[in-house]
Every structure is written in structure tokens, then in C-alpha cells.
Amino acid sequence: MIFRLFLVIKSLWNRRFSTLLTISSLSISVALLIGVERVRQGARESFSGTISKTDLIVGGRGGSMQLLLYTVFRIGNATNNISFDTYKTIKNNSQVEWTIPYSLGDSHRSFRVVGTDENFYEHYRFRGDQILELHEGKAAQELFDVTLGSDVAVKLEYKLGQKITLTHGAVESPSAFAHKDKPFTIVGILKKTNTPIDKSVYITLQGMEAIHIGWQNGAPPQEDTGTTTQNLRKEDVKVDQITSFLVRAKSRIQVLNLQRSISNYEQEPLTAIIPGVAMSELWSTVEYAEIGLKVVSFFVIVVGLIGMLISLYTALEARRREMAILRSVGAGVPTIAMLLVAEAFVLSVTGCIFGVGIAYAALLLARPLVEAQIGVLLPLAALSSLEWIYLAGLIASALLLGLLPSWRAVKNSLADGLTLRM
Amino acid sequence: MIHVQNLTFQYTGSHHLTINIPSLNIEKGDQVLLRGASGCGKTTLLGLIAGILTPTSGKLQVLGRNMSELSTAQRDSLRGNHIGYIFQMLNLVPYLNVEQNIALSCHMGQKRMQRVGKDNLTKKIEKLANNLGLLSLLKQEVTRLSVGQQQRVAVARALLGNPELIIADEPTSALDTGNRESFLKLLFEQCETAGATLLFVSHDDSLQSLFRRNLALSQLNLAHSTFAEE
């Protein structure tokens with residue numbers, strides 16, 4: 001048996017140029033398959049890692065997808081706000097560990113403005129257990145303080161101490177009303193998180209309320225309200241409404257209960273969603289891209305295998321003499337067939353080993369770059385069971401394909417017998 | 001060693017017999033020259049004896065085994081374990097060195113390996129190589145050998161593990177006259193030492209004087225003579 005494997009390897013080595021080409025084409029296929037799988041996993045993980053440790057997202061009456069989009073991804077707008085009293089009631093519920101309020105609706109040069117409080121900086125978690133950290137400065141505390149997400153600071157080249165004005169509404173347009181009378185001072189810049197957090201600016205709930213004093217039904221005040229950044233104090237501004245809030249329950253078991261009681265809250269119509277469920281629903285809408293990637297890598301494997309088949313097949317004619325010699329020393333038809341299938345085995349296994357090696361080397365090199373550029377963290381973990389299944393499937397198909405040239409070799413050697421063909 | 005009685009063979013799809021031999025006996029220890037021009041059924045007869053082909057009718061006994069009664073696998077193992085086969089030329093697997101080419105027969109035939117003993121394999125190969133003047137070439141690539149050296153490697157492979165029967169299919173046709181005689185001398189010597197029966201096939205009549213026993217296939221094989229007369 002060992003000698004036969006030795007024969008196979010010697011024979012492949014004898015044709016080392018075509019063997020090398022076959023192995024490299026197979027290993028590139030394998031590397032691509034694993035690479036695509038890792039990008040897919042990484043994209044999925046960073047997507048679902050946008051928000052973590054939050055059990056419920058609560059907003060006014062409306063669609064759950066809409067609530068997820070404007071709260072977590074800062075896309076679209078809320079149809080209804082919720083009253084601050086309702087928020088306080090739920091915040092003080094005995095089953096609730098912490099809450100993070102969001103007040104949305106304004107923007108700064110196309111970046112969303114989020115009114116929130118200190119809970120945001122303290123409790124917000126993403127990618128498992130990562131917390132928000134300040135790159136420089138401090139969290140917005142005073143009425144006209146603003147803390148920037150990392151992308152905002154980088155793109156607009158803002159420095160601490162600079163004053164910026166906010167715009168009413170989420171979209172930048174000439175007709176949009178700017179809160180020019182109440183500029184905000186940049187007091188802090190958050191570290192990069194590679195989540196939508198980076199693309200917003202953060203003020204206090206009171207700050208959000210202050211720039212809207214005197215507003216009626218979304219229209220600016222008709223006359224001067226007499227309020228300025230100088231004469232307003234944080235304690236004097238009463239928060240009336242917020243847009244949505246995040247809830248962490250004290251125990252996971254209570255989440256469904258809590259969700260039900262929030263949805264049935266009698267004073268005000270509310271929507272409460274479990275982020276994980278809504279996120280996977282959202283992800284399923286981009287599944288076709290995943291499938292597309294998979295189909296491409298599948299065909300790359302098919303091309304690699306066909307390359308192997310061609311190289312085994314074309315070598316056969318030159319090996320008829322070899323087969324006759326083997327027959328003369330007692331090799332039977334099964335031995336001849338086995339040698340050929342074993343060649344396919346050696347080629348595919350070597351291809352897999354090199355392919356995995358290439359894939360890991362490429363992942364290691366590309367990881368920091370990909371994370372910095374698109375915020376996808378490529379997983380460097382050991383081969384997953386799915387990847388093992390892919391590799392096993394590739395080797396199994398290689399063995400099946402190896403049967404084709406081996407069937408041909410058997411036919412040849414039966415026809416040739418002990419006649420030597422050049 | 002080989003007993004033939006009314007042996008016939010016809011290729012599938014062919015209209016006439018290729019082999020029709022009423023009788024042929026080769027005894028243990030014989031060194032037989034089987035003469036015949038090309039096309040008289042030499043290769044077919046050797047294929048039958050080596051167990052690559054199965055007789056159409058009649059009796060063919062090789063080493064006491066009735067070839068018609070053996071399965072394909074049994075015939076393969078009979079050939080591997082008890083018959084040494086030497087081709088006209090190009091006997092060697094190009095990607096194995098001299099030693100590996102000689103060892104090939106023992107690796108493919110289990111009984112041969114047992115007879116040699118796994119631990120003695122190198123020693124036995126060296127002894128044979130020494131007898132055949134190949135000792136210094138054992139680690140050589142076979143592509144670098146002369147034709148004469150290649151044929152001696154083939155003899156060493158055929159003899160390794162003491163098979164009872166050596167079949168040589170025109171092994172000297174690629175050699176010049178001087179080399180031919182010394183090759184034959186070596187082959188006779190080694191077969192005698194090993195106690196192997198030699199069936200030597202050639203179209204070269206000049207070799208007749210060197211053999212103890214001569215057979216002309218054209219006289220043995222009736223299929224050929226009737227075919228030739230047509």
C-alpha cells in the first residue's frame with residue numbers, strides 16, 4: 001500500500017510541471033472558496049454586531065423594520081414620537097436594567113444628530129461586549145455640547161472647540177431650516193467603531209429640546225422666542241418627547257414578557273422589537289448577494305476540478321507503457337484503477353492544504369486593511385464545520401472524477417495487455 | 001511447467017483462430033527458444049501463458065494451474081508471484097531509479113516479497129545487481145542507462161524473488177550481436193542459479209545454437225499455418 005502511494009507520488013513528481021499547475025489551480029479555487037466564506041461570515045458578524053446587549057428597541061407606533069432602521073442604522077425617519085413620561089415609566093420598571101433614549105430628526109451636513117444621555121456612553125455595546133470610547137475630549141454634557149462620531153470628525157476635519165450649527169430635518173437641502181441661532185461646541189470625538197455610530201453626532205436630550213423651543217408641528221417659531229445659548233440653562237429645559245429607546249432587561253427570561261407589556265402599554269401605542277430577530281430579518285433581504293458569492297466560488301471549484309481531470313486524462317496516453325510494465329509484474333485492473341484515483345486524491349488533498357494555507361495568509365494580510373476600510377472584521381478562526389464539508393466535498397468529487405481517467409486506463413491496459421506502446 | 005492440449009484462442013470480433021496448438025510441453029528447468037516471425041501469434045501465446053488473455057478452448061496449464069479455471073485476479077497474482085516477464089525494450093518505469101525498478105516485482109507480488117523477506121530485499125537486489133554488473137548503477141536514473149543495461153535491470157527484476165518461470169519476449173532484439181551473446185549467457189546463468197524455467201521468444205534464428213531446446217511456433221501453431229496457406 002505504502003509502495004503504491006510512493007508510486008503515485010513518484011509518477012506525479014515525474015510530471016511535476018503539470019502536477020504543479022493542477023495543484024495551484026485547485027488551491028486557488030480552495031483559497032477563493034474559503035475567502036468568500038470568510039468575507040460572508042465577517043460581513044454577517046459585523047452586521048449583527050452593530051448592536052449588542054440590547055434586549056428590546058422601543059419606539060412609537062409603526063413598522064418594526066422602520067424602527068430598527070432609524071434607531072440602529074440611522075436610515076429613514078420615525079413616524080411617531082413617544083412621550084418622555086412613558087419613557088420614564090418603562091425606565092423605572094423593576095425588570096429593566098438600563099435604557100438608552102434616542103431623540104432623532106435633525107442633521108448636520110447629512111450626518112444624523114442624536115439626542116441622548118449619559119447612559120449611551122455608559123451602556124451602549126457593540127460586537128459582543130465592546131464599549132464606546134472617546135478618542136479625545138468628553139461626552140456631551142452641557143446643553144450646547146456635541147460629541148462627534150469618528151467618521152464625522154474625519155470627513156469634515158473638525159477639531160475640539162469648533163462651533164457647528166445643526167439643520168432641521170434629516171436631509172441637507174437649501175430650504176432646510178438651520179438652527180443658526182443656537183450653535184453647538186464640539187467637546188468630544190468618539191473612537192472608531194465601524195458601525196453606524198461613527199456616522200452621527202451626539203448631543204443631550206435637553207440640547208435637542210432647546211433648539212426646538214417654540215416650534216409648532218414641525219414649523220419654526222413665528223416670533224423670536226428670546227432664547228439664546230447664553231440665557232438657557234440645562235435645568236430649565238424640560239424634555240417632552242423622544243423618538244425611541246433601547247432596553248436591557250435584568251434577565252433574558254423576562255424579555256418576552258417585557259416586550260408584551262410594552263406593546264400593550266395603555267397610555268400610549270408603542271412598538272417593541274427584539275433586535276436580533278429584526279436584524280436577521282433584515283439580513284435575509286441581502287441573502288441573494290451571499291448566494292451570488294457562493295455560486296461564483298462553486299464554479300471556481302468546478303473549473304479547478306476540470307483542470308485536474310484534463311491533466312490526468314492527457315497524461316494517460318504517455319503512461320500506457322508504464323501501465324503495461326505494472327501489469328507484467330502482476331498489477332491487476334483494480335490496482336491500475338486505484339493508482340489513478342489515488343493520484344486524484346493526492347492532487348486534491350494537496351490542493352486543499354495549499355489552498356487553506358493561501359487563504360489564511362491572505363486573510364492575515366488583508367484583515368487590518370479590510371477592517372479599516374469597510375469595517376468588516378474577517379474571522380481568523382479555525383476551519384468551520386461548513387468549510388470542512390466543502391473541502392471533503394471537493395476531495396470526494398475529485399475521487400469521483402478520478403474514476404473517469406482510471407476507467408480509461410483500465411480500458412487501455414486491457415487492450416494493450418503486455419504489448420508496449422511507445 | 002507449461003502444458004498445452006488443443007489450445008485455441010480467438011480474439012472477440014475476429015473470424016479466425018489466432019492460436020491453435022494441439023500440444024506443447026515445457027518442463028521444469030528447461031531453457032526453451034520459441035522461434036517465430038512476427039504475426040504468427042507469439043504475443044498472443046505469451047499473453048495466454050502470462051494470464052492476460054483467457055483460452056477460448058482447450059487446456060492450458062501453467063505451473064500446475066489450469067488457466068481457464070482461474071479468475072482474473074488469480075491470474076494476475078499468479079503472474080505477479082510466479083512469473084518474471086522481460087519485454088523487448090523499455091522495460092523500466094521512467095520515474096523510478098534502478099533499484100526501485102528491480103524492487104517493483106516484489107512490491108507487486110506478495111509471495112515474492114515473502115520469499116525474499118522484507119529485511120533482505122536490499123541485500124538480494126544488491127546480489128542480483130552484482131551478478132548482472134549493475135551494482136554501481138543501483139541509484140541511477142533509468143533514463144541514463146544504455147539499452148543493454150536497461151535489459152539487465154529487467155532481468156534482475158524478473159528474477160528477484162525466485163519466480164518459477166521467466167518469460168522473455170525478444171529481449172535481445174535491441175542489442176547488437178556482441179552484447180546479445182553476453183546478455184544471453186548472463187540470463188542462462190542466472191536462471192540456472194535461481195532454478196527458473198526460461199521461455200525465450202525470438203524471431204532471430206541465429207540464436208538457435210545457444211539454446212538446449214528449440215521450438216518453431218509456425219509448426220506448433222496450426223492456426224497460423226492454415227491462415228498462411230489461405
Side-chain angles (χ1 to χ4, degrees), chain A residues 1-20 22 311-312 314-340 342-343 346-347 406-407 409-422, chain B residues 11-12 42-53 71-97 100-113 118 121 141-143 154 157-158 160-161 163 167-170:
Chain A
M1 206 63 210
I2 291 164
F3 182 78
R4 283 168 203 201
L5 196 64
F6 169 77
L7 263 189
V8 165
I9 289 165
K10 274 293 219 178
S11 165
L12 285 172
W13 181 246
N14 188 44
R15 291 172 277 130
R16 50 191 164 275
F17 187 67
S18 88
T19 301
L20 203 71
T22 309
S311 94
L312 288 182
T314 45
L316 279 187
E317 207 50 38
R319 301 177 65 195
R320 289 178 96 143
R321 178 154 61 93
E322 190 183 324
M323 299 299 170
I325 294 167
L326 290 174
R327 291 276 279 153
S328 81
V329 291
V333 163
T335 307
I336 300 284
M338 198 213 74
L339 287 176
L340 265 288
E343 282 193 10
V346 169
L347 286 175
S406 85
W407 175 71
V410 164
K411 260 186 70 176
N412 281 350
S413 74
L414 283 178
D416 294 353
L418 296 180
T419 343
L420 288 175
R421 308 227 174 197
M422 314 285 155
Chain B
Y11 281 103
T12 35
K42 266 186 311 188
T43 309
T44 309
L45 180 60
L46 292 186
L48 285 164
I49 294 170
I52 294 284
L53 304 170
S71 70
T72 318
Q74 283 171 321
R75 278 184 276 124
D76 286 336
S77 114
L78 181 75
R79 177 172 68 256
N81 287 317
H82 302 283
I83 299 176
Y85 204 101
I86 305 166
F87 290 110
Q88 188 172 358
M89 58 191 298
L90 303 168
N91 270 292
L92 308 179
V93 179
Y95 50 81
L96 299 178
N97 69 21
Q100 290 158 350
N101 259 292
I102 296 175
L104 197 60
S105 53
C106 264
H107 283 296
M108 286 290 167
Q110 275 183 343
K111 278 193 194 149
R112 273 187 166 194
M113 188 60 112
K118 233 184 174 136
L121 186 62
E141 296 292 308
V142 294
T143 39
R157 180 172 68 209
L160 185 68
I167 299 175
D169 184 4
E170 307 227 27

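Chain identifiers are assigned alphabetically (A, B, ...) following the order of the sequence lines, protein sequences preceding nucleic acid strands; residue numbering begins at 1 within each chain. Because only heavy atoms are used, hydrogens play no part in the values below, and waters and symmetry mates are left out as well, while side chains stay in.
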message: Restricting to side chain to side chain donor-acceptor pair (under 3.5 Å), what partner residues turn up for A:S311, sequence neighbours left out?
response: A:T22
- prompt: How would you list, by chain and number, every residue that makes a side chain to side chain donor-acceptor pair (under 3.5 Å) with B:R75, sequence neighbours excluded?
  reply: none
Pick one of side chain, backbone, both or neither for [X], based on which atoms fall under 4.5 Å of a heavy atom in chain A.
X      : result
B:S105 : both
B:A50  : side chain
B:R112 : neither

message: When you measure from the side chain of B:R79 to the backbone of A:G332, do you find a donor-acceptor pair of N or O atoms at a distance under 3.5 Å?
response: no
Heavy-atom check, side chain of [X] versus side chain of [Y], under 4.5 Å:
X      : Y      : result
B:H107 : A:F6   : no
A:I325 : B:L104 : yes
A:T335 : B:D76  : no
A:E322 : B:L96  : no

As an exercise, state the distance from [atom1] of [X] to [atom2] of [Y], rounded to the nearest 0.5 Å.
X      : Y      : atom1 : atom2 : value
A:L12  : B:Y95  : CG    : OH    : 8.5 Å
B:R157 : A:S328 : CZ    : OG    : 5.5 Å
A:F3   : B:M113 : CZ    : CE    : 8.0 Å

query: For A:K10, does the NZ atom have more than 12 heavy-atom neighbours from other residues, nucleotides or ligands under 6.0 Å away?
result: yes
message: Using a 6.0 Å cut-off, check whether atom CD of B:Q110 has over 12 heavy atoms from anything other than its own residue.
response: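 Atom CD in B:Q110 is not packed in, count stays at 12 or less.
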- request: For residues B:L92 and A:R321, report the shortest heavy-atom separation together with the two atoms involved.
  value: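 Closest pair (atom of B:L92, atom of A:R321, distance): O-NH1, 3.6 Å.
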query: For the candidates A:A331, A:P334, A:G330, which exhibits the highest count of non-hydrogen atom pairs separated by less than 4.5 Å from chain B?
result: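 Most pairs with chain B among the choices: A:G330.
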message: As an exercise: rank A:V329, A:L7, A:I2 by heavy-atom pairs under 4.5 Å with chain B and give me the winner.
response: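 That would be A:V329.
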- prompt: Checking heavy atoms, do the side chain of A:R327, its backbone, both or neither come under 4.5 Å from chain B?
  reply: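 When you check distances to chain B, atoms from both the backbone and side chain of A:R327 fall under 4.5 Å.
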